Amino acid sequence: MSSNSLSSFSTSSDPQSRSTSASGSPLLAGLNPPQQEAVTLPPEPALILAGAGSGKTRVLTTRIAWLVSTGQVSPMGILAVTFTNKAAREMLARLGAMISVNLKGMWIGTFHGLCNRFLRAHHRDAALPATFQILDSQDQLSAIKRLLKALGVDDEKYPPKQLQFFINSAKEQGLRAGDIDDSDGYNRRHIELYQAYDDQCQREGVVDFGELMLRSVELLGRSDAIREHYRARFSHVLIDEFQDTNPLQYQWLKLLGSPGGGIFAVGDDDQSIYAFRGADVANMHRFESEFGVKHLIKLEQNYRSHGNILDAANALISNNAGRLGKNLWTEAGAGEPIRVMETSSDLLEAQWVVEEIKGLIADGQLRSDMAILYRSNAQSRVIEQTLFHAGIPYRVFGGLRFFERAEVKHALAYLRLMENPHEDTAFSRVVNFPARGIGARSIEQLADLAKQQGSSLYSASGLLDGKAGTSVRGFVQMIESMRFETQGLSLRETVQVMLERSGLVAHYQAEREGQERVENLEELVNAAAAFDYDAVVADPDAPAEQAVMSALSAFLSHASLEAGDNQAAEGQDAVQLMTIHSAKGLEFHAVFLTGLEEGLFPHENSMTELNGLEEERRLMYVAMTRARRRLYLSMSQTRMLHGQTRYNMRSRFMEELPEGNLKWLAPRVAARSMSSMSAVGGLDDSESNWRRPAGAWTRQGMGQSNTGGGGGQPSSLAWSGSAGHESGYKVGEAVRHSRFGDGVITALEGSGNDARAQIRFKRDGSKWLALSVAKLERV
DNA sequence: GTTCCACGCGTTTTT
DNA sequence: CGCGTGGAAC
């Protein structure tokens with residue numbers, strides 16, 4: 001922060017300078033003082049608290065460029081780690097534009113990608129075969145199902161998904177089966193199955209995502225020589241999105257970072273939204289003390305959003321306890337107020353969004369610079385339909401990605417078998433696909449034999465009698481001959497031969513709906529042709545530590561680690577639809593944040609979890625800070641969910657936003673207190689207006705008399721109680737229960753005997769009660 | 001081996 | 001309501 005020589009373009013300063021003030025390097029031009037300070041810190045532990053839109057990635061990449069270009073470190077001494085392939089690619093691209101050195105000497109990649117590279121180099125020490133393959137989540141689940149079947153475990157009692165979650169959670173904590181406490185006996189079976197699963201993976205020579213990390217951590221911990229080698233090599237370790245690290249990744253960093261050395265972590269505790277998958281923000285606090293952080297720099301100047309958006313986001317997030325503390329500011333001015341709309345139905349909400357989008361398009365905005373965000377994927381349907389009817393191009397993020405498609409996975413399974421025939425997951429997947437008369441019966445027999453022998457299905461195939469044996473051996477021979485035929489061929493030719501000989505292409509060509517699948521298989525050939533072996537594996541500066549790895553093996557790792565694009569075809573200018581989670585890291589001119597309703601956002605399932613509400617609030621913070629100029633918030637009084645209409649209360653987050661930053665567009669019912677609400681509204685006065693055609697939705701409001709039209713300033717506690725429920729109860733109504741005491745109805749759903757109310761009790765928290773059973777009295 | 005229906009389930013997601 | 005799974009029937 002002390003640096004005051006802004007972006008001077010002085011050319012006289014020494015490029016080798018290690019001074020912490022601006023050295024005059026053109027790299028530093030345009031950076032603000034704290035950014036410059038961060039970029040030019042000495043090689044000591046540093047934590048950069050980088051708020052949303054504060055230039056986090058820029059600082060990270062500029063630091064690498066600065067370190068290398070000032071000769072403080074050779075590219076080989078850089079280890080930079082990210083969470084997603086996209087982030088890693090972006091970092092590489094930006095570096096390439098900044099400096100002209102061989103980037104390949106650097107280790108830049110995802111945690112998992114780098115662990116893969118590490119384990120390939122040290123597979124012997126890690127007790128893995130050179131050809132080990134990586135299971136993605138789907139593969140892992142099928143491996144678990146196969147395991148449960150082999151062990152005769154009732155998968156009703158031990159759902160495979162649950163076991164998968166158990167195993168992954170344990171690994172994320174750095175725990176092996178033997179490390180887990182089973183004193184209460186509750187987990188005992190899970191622990192046994194975890195162990196059995198690991199044994200199976202070991203036998204088959206496969207690792208799951210968690211295993212990539214855990215093996216690496218164990219090896220680094222166990223082998224002083226290897227650990228010291230890498231510590232000596234990587235004088236600079238840089239981590240992006242540090243708030244998303246799980247305890248295992250933290251351990252990995254601890255093993256690779258030299259104590260007191262150049263470890264540079266960038267993160268934002270307010271944007272930690274992945275606790276549900278093992279991330280632990282506490283790692284940031286831990287990092288500060290355990291690594292002995294010498295430099296704590298806050299990047300608080302936001303270059304993205306206007307003031308109203310930022311102020312509201314700041315106010316919201318200040319409701320969270322235990323923050324590292326940070327307040328974003330901008331020079332950009334207040335800008336437009338945040339526009340808020342409340343509708344009576346989810347369809348009307350969608351129609352309103354579409355009308356606003358039409359307006360923005362008419363003003364010349366790019367569709368791709370507008371995003372519609374929602375908490376859960378199920379919400380996208382109405383919006384999609386409405387956009388579709390309006391003829392507005394849109395693009396939905398999420399869904400199946402290229403390497404996750406069934407036909408592609410089948411093809412990959414053949415390739416995996418060519419690489420390692422003992423991989424039972426791949427074997428089971430395609431032994432009878434395309435169908436070749438090897439039914440469930442035959443596979444069961446084969447599995448029994450394999451279990452007796454403690455061998456793979458492939459090895460056991462020789463022992464299988466009868467017709468089944470002949471068929472299976474036919475399959476095995478096919479794999480062998482594919483392997484033989486492709487020796488010396490390029491990766492692309494290998495894939496082509498496999499597609500031909502396996503009969504996959506023929507199978508899909510014969511299928512009526514198979515055209516797209518054939519195209520995907522062709523695309524796989526293209527992917528193989530385009531695959532750059534060096535980009536994934538090569539480490540030209542360190543040939544000694546590089547194990548020999550076939551191009552096929554590298555390609556398969558690539559396919560597992562990078563599932564490919566999951567968005568619809570690019571190119572067309574389209575409105576972006578995505579969950580808030582997938583919006584992290586992105587920005588848009590205009591953002592529509594929809595479904596701001598209790599139970600949906602914050603999600604009802606989050607309320608029971610410890611810190612769940614705070615994570616929801618951070619999610620809201622992330623969502624709001626995606627907007628550059630214009631932010632819309634919307635909510636609906638009723639929503640179709642799971643085939644039933646739900647009556648929701650406005651999200652509590654709305655009450656945490658300063659009124660001064662908002663502009664209400666919706667007609668509103670002013671209510672002074674909760675108890676007066678039951679007297680307000682009813683369906684009558686608003687219904688006719690709510691049914692206006694979409695085109696009538698304008699900023700000037702709906703002519704509701706009791707609010708003075710759109711743009712009025714409501715009292716922040718107001719609840720627009722115009723939505724009723726057949727039971728006669730209303731959301732927001734205060735009730736008393738004989739056992740739980742006083743509470744407020746937060747949601748109503750169902751009808752008749754199924755009618756239920758969600759009630760937030762003062763004492764016991766939120767509960768769903770059946771209205772036909774619960775004894776409620778109105779207060 | 002394929003097709004069809006009944007059932008169950010339903011935050012968020014990268015690697 | 002809409003999807004994916006799984007079992008049963010053709």
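Treat the numbers as computed from the prediction; the structure is a model and nothing was measured. Lettering follows sequence order; numbering is per chain, from 1.
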Over all strands shown, is [X] touching base, sugar-phosphate only, or nothing at heavy-atom distances under 4.0 angstrom?
| X | answer |
| --- | --- |
| A/D136 | nothing |
| A/D208 | nothing |
| A/S582 | sugar-phosphate |
| A/F83 | sugar-phosphate |
| A/E616 | base |

Notebook entry, point to check: For the side chain of A/T84, counting heavy atoms from C-beta on, which of B/dT12, B/dT15, B/dT11 is nearest?
Noted result: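 Side chain of A/T84 sits closest to B/dT15.
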Notebook entry, point to check: Which nucleotide sits closest to the side chain of A/R277: B/dT11, C/dG2, B/dT14?
Noted result: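 Selected nucleotide (nearest to the side chain): B/dT14.
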What about the rings of [X] and [Y], do their centers lie closer together than 6.0 Å?
| X | Y | value |
| --- | --- | --- |
| A/Y230 | A/H122 | yes |
| A/H123 | A/F132 | no |
| A/Y374 | A/F601 | no |

Notebook entry, point to check: Ignoring hydrogens and angles, are the base of B/dT15 and the side chain of A/S137 linked by a donor-acceptor pair under 3.5 Å?
Noted result: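 It does, because a donor-acceptor pair links the side chain of A/S137 to the base of B/dT15 below 3.5 Å.
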Margin query: Suppose you measure atom C1' in C/dG6 against the same atom in B/dT11; what distance do you get, rounded to whole Å?
Written below: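 Each nucleotide's C1' atom is 25 Å from the other's.
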Examine [N]: is either OP1 or OP2 under 4.0 Å from a nitrogen or oxygen in the side chain of [X]? Give yes or no.
| X | N | value |
| --- | --- | --- |
| A/R381 | C/dC3 | yes |
| A/T579 | B/dT13 | yes |
| A/N85 | B/dT15 | yes |
| A/N377 | B/dT13 | yes |

Check: Is there a stack between A/H112 and B/dT15, judged by ring centres under 5.5 Å and planes under 30°?
Finding: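 Taking the rule of under 5.5 Å and under 30°, the ring of A/H112 does not stack on B/dT15.
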Margin query: For B/dT11, is there a stacking contact with A/F276, counting only centres under 5.5 Å and planes under 30°?
Written below: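 Whether judged by distance or by angle, A/F276 falls short somewhere, so it does not stack on the base of B/dT11.
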Check: Is A/R618 salt-bridged to A/E615, going by a charged N under 4.0 Å from an acidic O?
Finding: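 Yes, charged N to carboxylate O under 4.0 Å.
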Margin query: Syn or anti for B/dT11? Use the chi torsion, O4'-C1'-N9-C4 for purines and O4'-C1'-N1-C2 for pyrimidines, with syn inside 90° of 0.
Written below: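 Syn, angle within 90° of zero.
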Notebook entry, point to check: Between A/Y274 and A/R436, which has a closest nucleotide on DNA chain B that is more 5'?
Noted result: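 Closest to the 5' end, via its nearest nucleotide, is A/R436.
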Item checked: Pair A/R120, A/N116: side-chain N/O donor-acceptor within cut-off below 3.5 Å ->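 Yes, side-chain donor-acceptor contact under 3.5 Å.
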